[in-house]
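After the structure tokens below, expect a handful of questions from me.
On a predicted model such as this, the values are computed, not experimentally measured, just so you know. For this chain, numbers begin at 1 and follow the sequence in order.
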Amino acid sequence: MFEKFKNLVNRSPTYEKAGIKMINMNDNGFMSWDGKLYKSDIIRACMRPRAKAIGKAEPQHQRNDELGLKINPEPYMRFLLEEPNGLMSWQMFAEKTDNQLQLNNNAFILIDRNDDGIPIGLYPIIANYAQVIQDKSGTMYYRFNIANGKIYTFAMVDVIHLRDDYISNDFFGESPIDALKPVMEVIGTTDQGIVKAIKNSGIIKWILRFKQNINPTDMKENAKRFVKDYMEIENDSVGAAASDSKYDLQQVDPKDYVPNAAQMDRSKQRVYAFFNTNENIVMSKFNEDEWNAYYEAVIEPRLIQLAQCLTLRLFSRRERAFGNKIVIKTSNLQYASTATKLNFVGMVDRGAMTPNEWRETFGMPPVDGGDIPIRRLDTATVKEGGEN
């Protein structure tokens with residue numbers, strides 16, 4: 001995908017400013033559970049609600065100047081936001097970008113421009129390693145080591161960089177590896193313990209503890225004789241077994257080998273807390289209050305950052321001065337109860353919502369003329385000095 005951009009770089013950067021190792025599915029990793037976070041069912045379950053919600057959001061190009069507010073005034077920008085590139089719609093593009101952001105606390109988007117500098121494509125960059133470099137003239141670049149082993153360098157003005165946990169590094173967000181590694185090791189060990197317990201419970205029922213040293217052949221023969229006499233279905237046992245004085249019998253309880261359920265739950269809750277989510281969100285059992293809290297704390301900040309970064313990179317300072325910006329529109333009323341949605345009819349009566357916006361909360365199609373605000377006669381605007 002990046003072959004078409006190989007001519008974008010015409011200078012030789014001289015030294016590195018900063019770098020960060022990225023996580024992806026092709027990474028062999030440097031963590032004991034193999035480092036592939038996205039292969040963990042808990043990690044993927046935590047990431048999915050946020051990525052799906054961001055993918056459902058609708059980006060808009062808005063221009064607010066002396067002529068008023070216009071939505072998607074430029075066809076090229078509307079097409080770019082609807083289809084960022086030839087491989088993805090906006091939903092797929094947004095989900096892929098947010099998954100990278102959650103895995104690495106860094107996500108990169110390459111802007112493809114035509115000869116006139118107009119953006120015509122947006123491409124998520126999936127890299128093993130990313131670094132910031134600078135040439136002798138002070139121009140900043142991003143250099144990426146792609147999974148196929150190739151290295152690509154792009155000017156910073158042509159890259160949209162999303163960050164989370166942005167603390168100590170001037171360029172990159174802090175990697176989640178150090179925070180997730182201890183709890184993921186606990187979860188990995190617990191899962192292995194469950195598998196071993198299930199295997200043992202299906203194979204080992206009794207342990208014969210011999211009171212004296214005997215050779216391995218005799219041990220096996222005694223074990224086979226015990227199984228044949230007392231554990232085979234076809235035997236003549238009457239429900240009682242006699243133990244030889246040479247050994248003691250100990251029954252294996254599978255529960256003794258199953259990890260503590262409370263400990264497993266605490267480890268899972270730690271992962272939920274890291275991703276600012278909970279079991280109700282993950283299992284889609286939330287009510288409207290829980291979803292509103294999740295939306296305000298997790299989804300909305302990511303949408304604001306994405307909209308601002310798109311605005312800064314897709315428009316020049318002159319264009320932004322004329323009121324051009326990208327706004328990502330989302331309806332938080334989709335998960336509201338029917339009673340809450342019906343109460344919003346008062347907003348329609350007062351012109352705060354259009355009829356079509358209200359119909360959208362119920363999943364109904366728009367109607368002709370429904371985009372014009374309406375107002376009841378008893379809610380007219382107050383005029384200064386008037387008595388009506």
Side-chain angles (χ1 to χ4, degrees), residues 49-84 89-95 98 281 284-308 310-311 314-315 322-384 386-388:
R50 174 178 136 180
K52 294 296 183 183
I54 291 178
K56 290 168 62 176
E58 180 185 353
Q60 290 182 346
H61 170 206
Q62 294 186 3
R63 178 181 296 157
N64 193 359
D65 53 18
E66 64 275 3
L67 299 178
L69 176 64
K70 302 181 183 64
I71 305 298
N72 294 324
E74 299 291 344
Y76 83 90
M77 187 59 67
R78 177 169 62 86
F79 292 143
L80 177 67
L81 297 177
E82 289 178 354
E83 186 183 9
S89 64
W90 166 262
Q91 181 193 24
M92 292 183 285
F93 168 83
E95 289 186 14
D98 188 68
I281 296 295
S284 299
K285 300 186 296 183
F286 51 83
N287 56 38
E288 60 178 302
D289 292 332
E290 291 172 335
W291 177 259
N292 287 336
Y294 180 72
Y295 176 87
E296 296 287 343
V298 178
I299 299 174
E300 189 175 36
R302 308 298 173 266
L303 293 177
I304 291 174
Q305 181 183 180
L306 179 57
Q308 290 179 346
L310 287 170
T311 299
L314 297 181
F315 298 112
F322 280 95
N324 290 282
K325 64 179 179 179
I326 301 297
V327 175
I328 300 181
K329 175 186 174 185
T330 181
S331 175
N332 199 29
L333 299 177
Q334 295 172 345
Y335 298 98
S337 65
T338 301
T340 300
K341 294 177 181 179
L342 289 173
N343 288 335
F344 273 92
V345 70
M347 304 289 287
V348 179
D349 292 343
R350 289 161 175 78
M353 294 178 66
T354 64
N356 280 343
E357 289 174 337
W358 184 65
R359 291 174 61 86
E360 185 180 356
T361 65
F362 285 94
M364 296 187 294
V367 296
D368 188 30
D371 292 325
I372 302 174
I374 61 176
R375 176 175 290 184
R376 283 172 23 195
L377 294 179
D378 60 346
T379 60
T381 57
V382 177
K383 297 181 180 179
E384 183 179 357
E387 297 179 357
N388 296 329

Practice problem: Only counting residues at least two apart or in another chain, list the ones meeting side-chain hydrogen bond (donor to acceptor under 3.5 Å, both in side chains) with E74. | Solution: R63
Quiz item: Can you name the nearest heavy-atom pair linking G55 to W90, along with the distance?
Solution: O-CD1, 4.0 Å
Quiz item: Can you name the residues that form a salt bridge (Lys or Arg N to Asp or Glu O under 4.0 Å) with E58, not counting sequence neighbours?
Solution: none
Quiz prompt | F315 vs M77 side-chain heavy atoms within contact, under 4.5 Å | solution = yes
Quiz item: To the nearest 0.5 Å, how far apart are CG in L314 and CG in L80?
Solution: 6.0 Å
Exercise. Using side-chain contact (heavy atoms from CB on, under 4.5 Å) as the criterion, list what pairs up with L69, not counting sequence neighbours.
Key: Q62, N64, I71
Quiz item: N72: what forms a side-chain contact (heavy atoms from CB on, under 4.5 Å) with it, not counting sequence neighbours?
Solution: Q60, H61, R78
Quiz item: Does the side chain of I281 come within less than 4.5 Å of F286's, by heavy atoms?
Solution: yes
Quiz item: Which pair of heavy atoms, one from P84 and one from S89, lies closest together, and at what distance?
Solution: CD-C, 3.7 Å
Quiz item: Between the side chain of T354 and the main-chain N/O of I372, is any donor-acceptor distance below 3.5 Å?
Solution: no
Quiz prompt | Test side-chain hydrogen bond (donor to acceptor under 3.5 Å, both in side chains) applied to E290 - qualifying residues, sequence neighbours left out | solution = N280
Exercise. Return the set of residues passing side-chain hydrogen bond (donor to acceptor under 3.5 Å, both in side chains) with D371 (not counting sequence neighbours), or none when no residue passes.
Key: N356
Practice problem: Output yes when D98 and R50 qualify as a salt bridge under the 4.0 Å nitrogen-oxygen rule, no when they do not. | Solution: yes
Exercise. Check side-chain hydrogen bond (donor to acceptor under 3.5 Å, both in side chains) between Q308 and all other residues, then give those that pass, not counting sequence neighbours.
Key: none
Quiz item: So how far is it from N292 CG to I299 CD1, rounded to the nearest 0.5 Å?
Solution: 10.0 Å
Quiz item: Which distance, rounded to the nearest 0.5 Å, do you find between the CD1 of I326 and the CG of L306?
Solution: 9.5 Å
Exercise. Taking side-chain contact (heavy atoms from CB on, under 4.5 Å) as the test, write out the residues that go with A307, two or more places apart.
Key: I328
Quiz item: Got a sec, which residues hit salt bridge (Lys or Arg N to Asp or Glu O under 4.0 Å) with E95, two or more places apart in sequence or on another chain?
Solution: K52
Self-check item: salt bridge (Lys or Arg N to Asp or Glu O under 4.0 Å) against D289, all qualifying residues, sequence neighbours excluded
Solution: none
Quiz item: What do you reckon, is OH of Y76 surrounded by more than 12 foreign heavy atoms closer than 6.0 Å?
Solution: yes
Practice problem: Work out which heavy atom in P59 is nearest to a heavy atom in A57; give both atom names and the distance. | Solution: CD-O, 3.7 Å
Exercise. With sequence neighbours left out, write down each residue that passes side-chain contact (heavy atoms from CB on, under 4.5 Å) with V348, or none if nothing qualifies.
Key: M353, P355, W358, I374
